[in-house]
Amino acid sequence: MKYWLVLFGIALSLPLQAAPTAEPSAAAQLYGQHCQSCHGADRLGGMGPALLPESLERLKSAEISNTIRQGRSATQMAGFADRLSDEQISQLTAYVQSAPAMPPRWSDADMRASHRQPVALASLPAKPQYSANPLNLFVVVEAGDHHVTVLDGDRFQPIARFASHYAVHGGPKFSPDGRFVYFSSRDGWVTQYDLYSLQVVADIRVGLNTRNIAVSDDGNWILAGNTLPQTLVLLDAHGLTPVKTIAVQDGAGHPSRVSAVYEAAPRHSFVVALKDVPELWEISYDRHAAPVYPGLVHDYQMGEALGQPGFLTPRVTPLSMVLDDFYFDPSYQHVLGASRSGQAQVISLDARSKVADLPLDGMPHLGSGISFERDGHRIMATPNLKGGQLSFVDMDSWQLIKQVQLPGPGFFLRSHENTPYAWADSMMSAHKDTLSIIDKRSLSVVRQLVLRPGKTTAHVEFTRDGRYALVSVMENPGELIVVDAQTLREVAALPMSKPIGKYNVFNKVNRSEGTSH
Ligand code: DHE
């Protein structure tokens with residue numbers, strides 16, 4: 001499985017803006033001599049990941065130089081310190097950070113050529129090939145060495161581990177019966193994995209830079225959102241054959257990167273957040289969907305003769321600003337959207353217009369929100385990437401009912417129907433090792449948990465019964481720690497390579513209110 005091996009490192013950093021000052025011809029020559037056999041003559045990737053500015057924007061120049069100098073352990077990326085001078089390494093660093101002379105292209109033909117189905121779906125076994133409960137499995141994404149572990153959620157023992165594509169990002173998504181799991185990597189690969197026979201069954205590269213995927217509630221469709229090229233790609237979920245590519249642009253032809261795609265199960269549609277134009281898109285996969293009238297705000301009110309079929313055609317809701325991070329109410333009638341400058345609004349998907357402003361400041365991370373019932377009201381809780389507070393919003397009145405200060409900003413928030421507590425991290429701060437346990441009844445922090453002092457500890461997922469919380473120590477080597485959700489005592493720890501996220505099959509397919517969807 002050499003093909004799956006990954007060669008380049010990632011780390012958290014700010015986007016790169018500084019104009020690189022490489023001598024292009026010398027740098028291009030160095031690239032051709034030392035890099036292109038693995039990363040591709042066009043820098044689109046090969047055995048190693050793509051080396052385009054879009055792929056590398058999360059890395060600092062020094063980190064890229066270090067990788068070239070020292071290589072990456074546990075991958076085929078060798079160090080070049082013995083062959084390249086510091087000056088040459090700087091030139092190469094600047095070269096891979098700069099846009100290629102020819103804009104990179106990824107056509108439908110490229111996508112189709114990348115499609116592989118190593119195993120025929122018809123040949124798959126009818127039952128799981130192991131004794132563990134298939135609905136209490138966890139899928140753990142290990143970013144340290146780009147692997148995925150499938151874990152028995154009753155015994156806390158791995159039952160499979162396989163190499164993934166480079167930088168799987170975001171939550172893997174499950175088929176409605178929990179049998180298949182779908183991954184997307186930042187480099188544009190979408191992979192279908194069979195959790196009964198524990199093998200990859202299909203794989204396709206849908207773009208050069210991909211945000212995430214969503215799976216339809218009928219299990220028939222996958223929608224992938226790309227930033228490069230600026231497209232949405234619809235795949236047949238049974239084997240990942242491409243069905244439709246949609247160019248993402250507004251009515252005036254301004255293209256937009258996709259920020260994220262979401263599945264709105266009760267509406268039988270996908271909802272799309274865009275990064276560059278103030279629009280929200282909804283794509284119905286209901287064959288009886290009302291027709292769509294391009295460019296018209298209330299297109300559903302128009303006569304049928306003017307429309308295109310509503311099935312698999314984007315329906316546009318204009319926004320007053322770019323909102324690119326979403327959360328939904330349980331009925332999926334409302335989208336809560338946040339802008340990068342920290343403003344937040346509630347949009348009605350039926351009325352297709354704003355119905356409220358959300359009184360949140362800083363940088364609410366709505367995508368990590370959870371909701372729960374409290375005193376007859378549905379409450380939404382969201383972390384804040386800037387201020388590090390947790391905000392609680394009443395989903396009936398859209399009023400802020402309380403804010404709780406955490407030790408520092410964090411990314412993730414999790415709970416479960418069977419626990420009174422929500423768990424939040426502070427991984428973006430000096431208190432990156434601290435988890436805050438919040439009582440959903442009093443909306444206050446009742447305990448702070450430091451499992452491994454000094455180590456980045458974040459991203460919690462509960463077992464299907466909510467009895468145990470699985471917590472990541474996001475280091476390499478890192479750990480997956482199992483904590484009793486009642487006593488908050490550690491009961492097990494498994495060594496892992498930077499386990500960035502873990503996902504319980506039952507909680508996902510049943511849309512537990514305490515986890516991401
Ligand atoms: Fe993520 C989910 C966007 C950086 C780890 N992240 C998501 C999703 C989006 C998103 C839109 C939801 C996808 C889904 O599940 O379908 N992430 C972004 C960003 O815009 C941001 C800030 C910058 C970027 O580079 O894209 C970003 N994310 C990170 C990281 O640096 C993290 C910590 C490490 C990494 O892997 O890159 C990270 N993101 C995650 C994880 C999820 C995620 C673990 C899945 C959360 C879940 O539980 O569902």
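This one's a predicted model, so the numbers in the text were calculated from it and none came from an experiment.
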Tell me, do [X] and [Y] make a side-chain contact under 4.5 Å, heavy atoms counted?
X	Y	result
P176	V509	no
W189	D203	yes
Y182	L240	yes
F180	D194	yes
R179	L124	yes
V139	V148	yes
D286	F311	no
P383	F411	no

Looking at [X] and [Y], would you say the former's side chain and the latter's main chain have a donor-acceptor pair under 3.5 Å?
X	Y	result
D187	A50	yes
H165	G188	no
N66	E63	no
Q36	H34	no
D276	R257	yes
Q192	A202	no
S472	P499	yes
R414	W423	no
H39	G46	no

Using side-chain hydrogen bond (donor to acceptor under 3.5 Å, both in side chains), reason through N212 and H169 one step at a time and then give a plain yes or no. CA-CA 7 Å; N212 73 327; H169 173 234; over 6 Å; no

Step through the shown structure and confirm whether more than 12 heavy atoms of other residues, nucleotides or ligands are within 6.0 Å of NZ on K455.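 Open.
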
For R511, look at atom CZ and say whether over 12 heavy atoms of other residues, nucleotides or ligands are found less than 6.0 Å away.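 Count over threshold, so yes.
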
Do we see a donor-acceptor contact under 3.5 Å between the side chains of S426 and T434? no

Have D425 and H459 got a donor and an acceptor in their side chains that come within less than 3.5 Å? no

So, for [X] and [Y], which heavy atoms are closest and what is the spacing to 0.1 Å?
X	Y	value
S512	H517	O-NE2, 3.0 Å
I246	P314	CG2-CG, 4.0 Å
A338	L366	N-CD1, 3.5 Å
S184	I213	CB-CG2, 3.9 Å
E475	G454	OE2-O, 4.3 Å

D433/R452 ion pair, N-O < 4.0 Å: no

Cation-pi, F174 ring and K508 (6.0 angstrom, 45 degrees):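 Relative to the ring axis of F174, which defines the angle, K508 lies outside at least one limit.
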
In Å and rounded to the nearest 0.5 Å, what is the CD1 to OG distance from I370 to S516? 11.0 Å

CG of D154 to CG of L137, rounded to nearest 0.5 Å, is 9.0 Å

From N226, T245, D108, residue fulfilling side-chain hydrogen bond (donor to acceptor under 3.5 Å, both in side chains) relative to T231: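 When side-chain hydrogen bond (donor to acceptor under 3.5 Å, both in side chains) is applied between T231 and each of N226, T245, D108, only N226 qualifies.
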
Take E282 and S269, measure what side-chain hydrogen bond (donor to acceptor under 3.5 Å, both in side chains) needs, and give me the verdict at the end. CA-CA 7 Å; E282 183 172 15; S269 67; 2.6 Å; yes

Partners meeting side-chain hydrogen bond (donor to acceptor under 3.5 Å, both in side chains) with [X] (sequence neighbours left out):
X	answer
Q199	S197
D152	R155
T419	none
R378	S371, E373, E513

The criterion is salt bridge (charged side-chain N to carboxylate O under 4.0 Å, His left out); which residues satisfy it with R447, sequence neighbours excluded? none

Can you pull out every ring pair (Phe, Tyr, Trp, His ring centres under 6.0 Å) where at least one residue sits in residues 123-145? Sequence neighbours excluded, please.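 Of all non-adjacent pairs touching residues 123-145, none passes ring pair (Phe, Tyr, Trp, His ring centres under 6.0 Å).
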
Derivation and outcome, salt bridge (Lys or Arg N to Asp or Glu O under 4.0 Å), residues D218 and R287: CA-CA 12 Å; D218 59 8; R287 288 184 189 271; over 6 Å; no

In terms of ring plane angle, is the pair F326 and Y262 parallel, tilted or perpendicular, where the classes change at 30° and 60°? parallel

With side-chain hydrogen bond (donor to acceptor under 3.5 Å, both in side chains) as the test, would you mind laying out the steps for K440 and S415 before giving the verdict? CA-CA 9 Å; K440 294 188 282 187; S415 188; 2.9 Å; yes

